Every structure is written in C-alpha cells, then in structure tokens.
Amino acid sequence: MKKVVLVAVSVSLGAVALAGCGGNGGSDDAFDGKSADTIAADAVKATRDAESVRIAGTARQPGGNEVGLDFHVDEQDRCKGTMTGQGAKADVLQVEQSVYVRGDEKFWQNSLKGKPGTDAVVKQVQGKWVQSEQGKSGMEGMCDKQAFLAAMDSDKSERKGMKKGDTTEVDGQPALILEKKQANGEKITMYVATEGKPYVLKTVTEGGDAPGEVVLSDFNKKVDARKPAADEVVDPKEITV
C-alpha cells in the first residue's frame, strides 16, 4: 500500500428541529411582523453570508450509528475541527491548499477497511497528521463553508410553512423559535437570533430517519488553523508496509 486512503466519517446532519422549547411567548418584534417563512429565509441567507462560522452537532444515521462534528470554517476554506463516529475520532485542519488529518487507531482501521498492510500503516500514522492536497483528502465538504451550509439547506421545502414559536436563548443569545411538523412525523425547529443579524443559532430534527442537532456560533471570528510542526506530519507517499 503506497498511500493512505482517507475516508471521512459520513456525517449527515439533516435540516432542523428541537424538543423542550421554552420561552416568553412568540414575540416577533425584532422582525417587524415578517412571516415565519420570510424570517427563515433571511436567517439562512445571513448565516451563509457570514465570513466564518463554527458548526457543532450530532446526528443518528439510518443504521443507528451516531456521528458528531465540531468545525470552525471560513470563506477562505481554512478550517479546524473534530469528527467522531463508529467509535472513532479524527481531527482535521485545512491551511492554504493542504489538508491534515490526525485520526485515532479506530479511525484509520475504519478508513482502511482491513486492506493489506493496514496494521503497518496504522502504526506509522498514529499520533501524526497525515497531509493531503486540497481536493484529494475526502474531507473537502467538511472544510468548505458554503458547501457545508448549502447541504444543511438542500431541501428548501423544509423551511416553508413554518410557524412562530416562543422566544428563548441559545447560549445566552436571544432567539425566536420557528417550528414545522412534517407529514412523515418529523419535527423541524430553527432558532433565529433576534439581536444583530438574524443568524441561525441552532437547528434540530426530531423523529424521522436521521434525528440530530446543530449549534452555530463564532460568526465572523478568525479560524485558528495553523500548519502542524514538520515532525508531526506524515506524507502518505512516504508510508511503507
């Protein structure tokens, strides 16, 4: 095996929803009487227009596996994050045109799927950052802010026909709750900031095939992604079996 095949933990965060909504009664004063659908559309646009955002969440896949991620990404494709799933964990960095992945033993075992030389490869990459060129790592969607957010909003019908709920707080920030119940039994909820720009602060999906929760924060903050030290990096071309 001359190079490592990097396979990202498959993360499907779905669209939006939440249980246990509390608050003080459905005020939409911050939005000048706009409809729930208009507020949702404005919130998605504001979030996608932010220069950077931190996205943290969990989801249950149809097979029952729970996956998670916590990524801070920006418009320049800089990113720093962690993903988990199937008992594995991996850290990811993208700086300039290079992507670095540092996975635990389970991550590399899952990624290599028992191919010949797997044990020898895993031994060489343990505790190291494995470097790959942008577009060749299998992690591109994780570090592409616009693609990431577009995937969360791929089915725009999910944010149409929403109803205004209570006002509440998400990590100390006041938010208006927008809700929708799908025909298939899913409940979709979106939390929209009522102060400053109407960013999406939280989305949750209840029920259905892939329930999950996503929290968005650190809008427009600098992404602290730096190249690892040279002695902590492994070039896949130099891995031997």
Side-chain angles (χ1 to χ4, degrees), residues 9-48 50 53-71 83-86 141-142 145 147-219:
V9 175
S10 176
V11 179
S12 176
L13 291 179
V16 269
L18 173 81
C21 306
N24 57 14
S27 170
D28 64 346
D29 292 345
F31 298 105
D32 236 359
K34 291 181 179 179
S35 70
D37 287 2
T38 299
I39 294 170
D42 289 348
V44 170
K45 183 180 186 305
T47 301
R48 295 183 69 170
V53 62
R54 180 179 177 184
I55 305 169
T58 59
R60 192 178 304 116
Q61 296 174 305
N65 292 319
E66 184 168 286
V67 295
L69 60 84
D70 187 346
F71 272 66
M83 57 187 179
T84 59
Q86 299 179 338
M142 300 289 184
K145 170 183 164 287
F148 215 137
L149 295 175
M152 289 178 59
D153 191 47
S154 59
D155 185 354
K156 293 176 177 53
S157 68
E158 292 182 332
R159 57 175 167 83
K160 292 183 178 179
M162 304 193 85
K163 297 182 182 299
K164 296 174 186 176
D166 292 336
T167 54
T168 186
E169 290 188 353
V170 177
D171 293 336
Q173 297 185 68
L176 175 67
I177 297 171
L178 304 178
E179 301 173 306
K180 178 181 178 180
K181 290 187 177 179
Q182 301 276 65
N184 64 0
E186 284 185 347
K187 180 183 177 183
I188 295 175
T189 308
M190 177 186 292
Y191 295 75
V192 180
T194 60
E195 293 182 356
K197 293 188 177 181
Y199 293 129
V200 178
L201 300 179
K202 187 175 184 178
T203 68
V204 185
T205 302
E206 270 191 293
D209 294 332
E213 177 176 308
V214 182
V215 175
L216 296 94
S217 62
D218 292 349
F219 297 97

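Note that the numbering runs from 1 along the sequence shown for the chain. Here the structure is a predicted model, which is why all the values come from computation and not from measurement.
Separation of atoms OG1 (T203) and CG (L216) is listed at 6.5 Å; rounding is to 0.5 Å. In this structure, the separation between CD on Q182 and CD1 on I188 is 3.5 Å, given to the nearest 0.5 Å. Going from atom CZ of R48 over to atom NZ of K145 covers 8.0 Å, rounded to the nearest 0.5 Å. To the nearest 0.5 Å, atoms NZ (K163) and CD1 (I177) are separated by 15.5 Å.
Of all heavy-atom pairs between A175 and L201, the closest is CB-CD1, 4.0 Å. In terms of heavy-atom proximity, P198 sits nearest to V192 at O-CG1, 3.6 Å. A pairwise comparison of heavy atoms in V67 and G85 identifies CG1-CA, 4.2 Å as the closest pair.
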Could you please spell out the steps behind the side chain to side chain contact (heavy atoms under 4.5 Å, CB included) verdict for K202 and E213? CA-CA 7 Å; K202 187 175 184 178; E213 177 176 308; 3.4 Å; yes
**OP:** Output, in order, the C-alpha distance, side-chain angles, deciding distance and verdict of side chain to side chain contact (heavy atoms under 4.5 Å, CB included) for L178 and K164.
**Re:** CA-CA 5 Å; L178 304 178; K164 296 174 186 176; 4.1 Å; yes
Next on the checklist: Evaluate M162 against I39 for side chain to side chain contact (heavy atoms under 4.5 Å, CB included), listing each step before the verdict.
Outcome noted: CA-CA 10 Å; M162 304 193 85; I39 294 170; over 6 Å; no
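The ring-ring contact (aromatic ring centres under 6.0 Å, His included) analysis of residues 193-216, with sequence neighbours excluded, yields the pairs Y199-F219.
For D171, the side chain to side chain contact (heavy atoms under 4.5 Å, CB included) partners are V215, not counting sequence neighbours. For T38, the side chain to side chain contact (heavy atoms under 4.5 Å, CB included) test picks out K34, S35, D42, with sequence neighbours left out.
For the pair K187/E179, a side-chain contact is recorded, criterion being any heavy-atom separation below 4.5 Å from C-beta on.
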